[in-house]
Participant: 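Shown below is the structure under consideration.
Values in this document were obtained by computation on a predicted structure and should not be read as measured data.
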Amino acid sequence: MFKGSKQSSADISTVLVGSVMLALACLLLFYLVPQYVTEPAMVQNPMMSPSWLPRYMGWLIFLIAILLIIQGLFRNDKDNKESAGSERGPVLRFLLMALALVVYLSFFELIGAIFSGVLATLILFAAHPIRKKWVYSLAFIIPVVITLLFTKVLGVPLPVMPY
């Protein structure tokens with residue numbers, strides 16, 4: 001190319017991740033939801049349809065995948081040099097995030113959605129050190145709000161309390 005012009009090179013790993021996400025989003029949107037999510041004959045509110053959330057998430061994944069592919073294709077060489085030297089997160093952080101998932105899944109039916117959500121969120125906050133202490137109050141607020149949203153507003157039966 002010409003002297004002084006910036007040549008962009010593709011970030012193959014980002015394009016690959018975006019392509020896999022795009023394929024999975026298409027699988028979800030065009031095969032899994034139409035084939036396996038049954039809809040009642042008459043739904044008063046479209047948001048109450050069982051296919052609404054999977055379709056919404058599928059289109060969200062589709063959009064993020066497209067953005068990842070575009071980012072990977074048009075990344076500058078300067079960006080590639082900076083990201084090539086970046087280090088990965090510590091192993092302990094990954095193990096704590098995996099533990100949070102295991103705790104949530106293991107205790108969901110045993111102690112309820114709220115308590116298992118609080119425990120999992122506290123473990124996630126421990127995995128990512130937070131300097132401001134008021135943020136830890138969100139570990140109690142977020143699981144309560146999400147559980148009440150699902151049980152009271154959307155009518156999804158969840159084990160709220162252990163009794």
Side-chain angles (χ1 to χ4, degrees), residues 10-29 32-33 36-37 47-76 78-163:
D11 182 11
I12 301 301
S13 62
T14 305
V15 173
L16 182 65
V17 168
S19 300
V20 169
M21 283 179 59
L22 185 65
L24 291 174
C26 288
L27 177 73
L28 176 68
L29 287 169
L32 293 175
V33 172
Y36 294 104
V37 178
M47 289 180 62
M48 296 301 287
S49 167
S51 68
W52 181 82
L53 187 60
R55 284 186 198 278
Y56 178 77
M57 295 307 292
W59 284 112
L60 193 62
I61 294 169
F62 186 87
L63 176 68
I64 291 171
I66 295 293
L67 292 175
L68 269 175
I69 292 170
I70 291 171
Q71 178 186 4
L73 289 176
F74 296 110
R75 181 168 278 197
N76 290 333
K78 179 183 170 190
D79 294 337
N80 284 339
K81 289 176 187 172
E82 290 175 3
S83 65
S86 65
E87 58 188 60
R88 293 177 175 238
V91 175
L92 180 62
R93 181 177 293 168
F94 174 76
L95 292 175
L96 283 173
M97 291 189 311
L99 177 67
L101 178 64
V102 169
V103 163
Y104 185 75
L105 293 176
S106 300
F107 293 125
F108 184 76
E109 289 186 16
L110 186 65
I111 63 174
I114 292 176
F115 294 131
S116 63
V118 168
L119 284 174
T121 308
L122 285 172
I123 294 170
L124 286 175
F125 283 172
H128 305 282
I130 299 172
R131 294 183 181 159
K132 297 181 180 174
K133 300 300 180 199
W134 67 267
V135 176
Y136 285 99
S137 66
L138 295 176
F140 299 94
I141 296 170
I142 291 173
V144 170
V145 169
I146 289 174
T147 302
L148 292 178
L149 175 76
F150 272 92
T151 57
K152 302 297 182 194
V153 177
L154 297 175
V156 176
L158 293 176
V160 178
M161 296 288 180
Y163 46 85

Participant: If I compare all heavy atoms of V33 with all of P54, which pair ends up nearest, and what's the gap?
Facilitator: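 Nearest heavy atoms, V33 then P54: CG2-CB, 3.6 Å.
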Participant: Residues in side-chain hydrogen bond (donor to acceptor under 3.5 Å, both in side chains) with S13, at least two apart?
Facilitator: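 Here the qualifying residues are D11.
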Participant: For the residue pair P143 and L138, what are the closest heavy atoms and their distance?
Facilitator: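 Closest approach of P143 to L138: CD-O, 3.8 Å.
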Participant: Where is the tightest heavy-atom contact between G18 and A65, given as atom of each residue plus distance?
Facilitator: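 Smallest heavy-atom distance, with atoms named: O-CB, 3.3 Å.
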Participant: So, taking the atom named CZ in F140 and the one named CG in L122, what distance separates them when rounded to the nearest 0.5 Å?
Facilitator: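 Between atom CZ of F140 and atom CG of L122 there are 5.0 Å.
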Participant: Just jot down the side-chain contact (heavy atoms from CB on, under 4.5 Å) partners of I70, sequence neighbours excluded, or say none.
Facilitator: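 If we apply the side-chain contact (heavy atoms from CB on, under 4.5 Å) test to I70, skipping adjacent residues, the hits are I66, F74.
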Participant: For the atom pair CG (L124) and CD1 (I142), what is the distance rounded to the nearest 0.5 Å?
Facilitator: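 It is 10.0 Å, given to the nearest 0.5 Å.
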Participant: Distance-only criterion, 3.5 Å: show the donor-acceptor pairs between side-chain atoms of residues 153-161 and protein atoms not counting sequence neighbours.
Facilitator:
none

Participant: Return the set of residues passing side-chain contact (heavy atoms from CB on, under 4.5 Å) with V145 (not counting sequence neighbours), or none when no residue passes.
Facilitator: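 For V145 the side-chain contact (heavy atoms from CB on, under 4.5 Å) partners, ignoring immediate neighbours, are I141.
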Participant: Would you name the heavy atoms of I61 and M21 that are closest together and state the gap between them?
Facilitator: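 Looking at all heavy atoms of both residues, the shortest contact is CG2-O, 3.8 Å.
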Participant: With sequence neighbours left out, which residue pairs that include part of residues 110-132 fulfil the ring-ring contact (aromatic ring centres under 6.0 Å, His included) condition?
Facilitator: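 Output for this query lists F125-Y136.
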Participant: With heavy-atom distances below 4.5 Å as the criterion, would you say the side chains of L67 and Q71 are in contact?
Facilitator: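 No. Closest side-chain heavy atoms not under 4.5 Å.
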Participant: Mind listing the side-chain donor-acceptor pairs of residues 101-110 below 3.5 Å, one per line with the distance, residues two or more places apart or on another chain?
Facilitator:
from : atom 1 : to   : atom 2 : distance (Å)
S106 : OG     : V102 : O      : 2.7

Participant: Roughly how far, to the nearest 0.5 Å, is the CG atom of L32 from the SG atom of C26?
Facilitator: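 One finds 11.5 Å between SG of C26 and CG of L32.
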Participant: Return the minimal non-hydrogen interatomic distance between I123 and L96, and the atom names on each side.
Facilitator: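 Closest heavy-atom pair between I123 and L96: CG2-O, 3.3 Å.
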Participant: Is there side-chain contact between L22 and I69, with heavy atoms separated by less than 4.5 Å?
Facilitator: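 The answer is yes; the side chains approach within 4.5 Å.
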Participant: Kindly give the heavy-atom pair with the smallest separation between G112 and S116, and that separation in Å.
Facilitator: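 Heavy atoms only, the tightest pair is O-OG, 2.8 Å.
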